[in-house]
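Data block below; observations after.
Every number for a ligand or one of its atoms is a count from 1 in the order of the listing.
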Amino acid sequence: MIKCDIRFARKFIKDESYLRARKKSDTGLEQLKKKTGPGSEWLGWRDILAEPNDAELEQIGSLGEEIRAKADVFVVCGIGGSYLGAKAVIDALSPHFRKKGPEILYAGHHLGGKYLEELLDYLKSPKEDGSPKNIYLNVISKSGSTLETALSFRMIRELLEELYGEEASERIICTTSKAGGVLNKLIPQKGYRKFIIPDNVGGRFSVLTPVGLLPISVAGIDIRTLFYGAVSAYNEYENNADDLLEYAALRNAIHESGKTIDVFATFEPELSSMGGWIQQLLGESEGKEGKGIFPAVATFSTDLHSLGQFIQQGQRSLMETFLIVEKPFSQLSVNNLEENDDQLNYLAGKSFHEINTKAREGTMEAHSEGDVPIVRISMKALNAENIGHLIYFFELLTGIFVYSLGVNPFNQPGVEDYKKAMYRLLGK
Ligand code: PA5
């Protein structure tokens, strides 16, 4: 369901370098399968697909439906792996305008006071008919103590208590570890509902656990289809992961050749947030011990008018990975204007999909001529099943590639450094 084509990039790599890297990819996959690599206690993202928990899917789905039916606003409060996956899937599969169901808003992903102040004010303000908004809050934090999330949660739950009194507890759902952390102390005290993030699944690999699935379900997306799309990818790659092994080998050889940036580019604005999720998944997994390719994100053709110049002619330190949807998901086509006063009639009758595709092909041709190795990742259609497949594709790629660098993909020791300095400055 996901095709990976490395032909446009392969010519930049010498055979011996590629073959050396391919051996490392093969070893990486073996380490994942046999659980022998560093951080192997974090491989639960594979286990959940090997043995799907249908009862939990059902439970999340029915709470999602309940909230969807009742809420005007659903606030997702989390940072990093605790919200990027849900946002990626929701943005990929929801309409841009006139969305049905609750408005989905994000909080706890930064410390900007203006945003939070305006959010609180918006939540507090009544609907157009004067009645109060019906608000639900999902706080998501595996550690239960991340400052950005914890602070926003404190402010929003206080508001909910002010608005709904004791009934506020019924509107707050906590997604956190089985035990430990401040959230786990609050849950029994306040009577909040709780979903558990499995201990062996790290934040950035957790989109297919309640972390991502509850918000995705509230957005009206069929989580079973999404989840089983990932299960089918799991089954496919347990039999034959050649595509992924080649892609990981290519990335490894490109890394060895000194390239330092991989631009994840799409011509579909719906996939912009998916780029953000991939960026975090790869970035936090591979960027250690002085190694890794910096994952950048671009949405074209918008960013061809900002980053395009650099990509075409700047320092030759880049590769690009294009995320492609083959089948049109809009029927819009260009109308014919008799006056042709804007001289666009040469496009009359063509669909926007066709025009966008030509823009993509032209861009790939130009960037390739500008010495940028290009990888194409394509899916037939933009739907929940294929997005599920894509999620596992990138999770597995991350595991294989980062092992092939000789690095533990599943920790993030560097993130602690800013926290230590920040807490010291804040007087904690
Ligand atoms: O991938 C990760 O582990 C991180 O990005 C975490 O998801 C992020 O730091 C948030 O952590 P927590 O869920 O503990 O609040």
- Message: Distance alone, cut at 3.5 Å: any donor-acceptor contact between the side chains of Thr299 and Ser272?
- Response: yes

- Taking side chain to side chain donor-acceptor pair (under 3.5 Å) as the test, write out the residues that go with Gln412, two or more places apart. Arg204

- side chain to side chain donor-acceptor pair (under 3.5 Å) partners for Tyr247, two or more places apart: Thr321

- Message: Could you check whether Tyr115 and His109 have their ring centres less than 6.0 Å apart?
- Response: yes

Atom pairs and distances, side-chain donor-acceptor, residues 149-159, under 3.5 Å, sequence neighbours left out:
unit_1 : atom_1 : unit_2 : atom_2 : d
Thr149 : OG1    : Gly108 : O      : 3.2
Ser152 : OG     : Gly108 : N      : 3.3
Ser152 : OG     : Glu148 : O      : 3.4

- Message: For a quick check: using heavy atoms under 4.0 Å, what are the residues in contact with ligand 1, sorted by chain and number?
- Response: Ile79, Gly80, Gly81, Ser82, Ser141, Lys142, Ser143, Thr146, Gly203, Arg204, Gln280, Glu284, Gln412

- Item | Ser317 side, atom OG; Ile293 side, atom CD1 - distance, nearest 0.5 Å | 11.0 Å

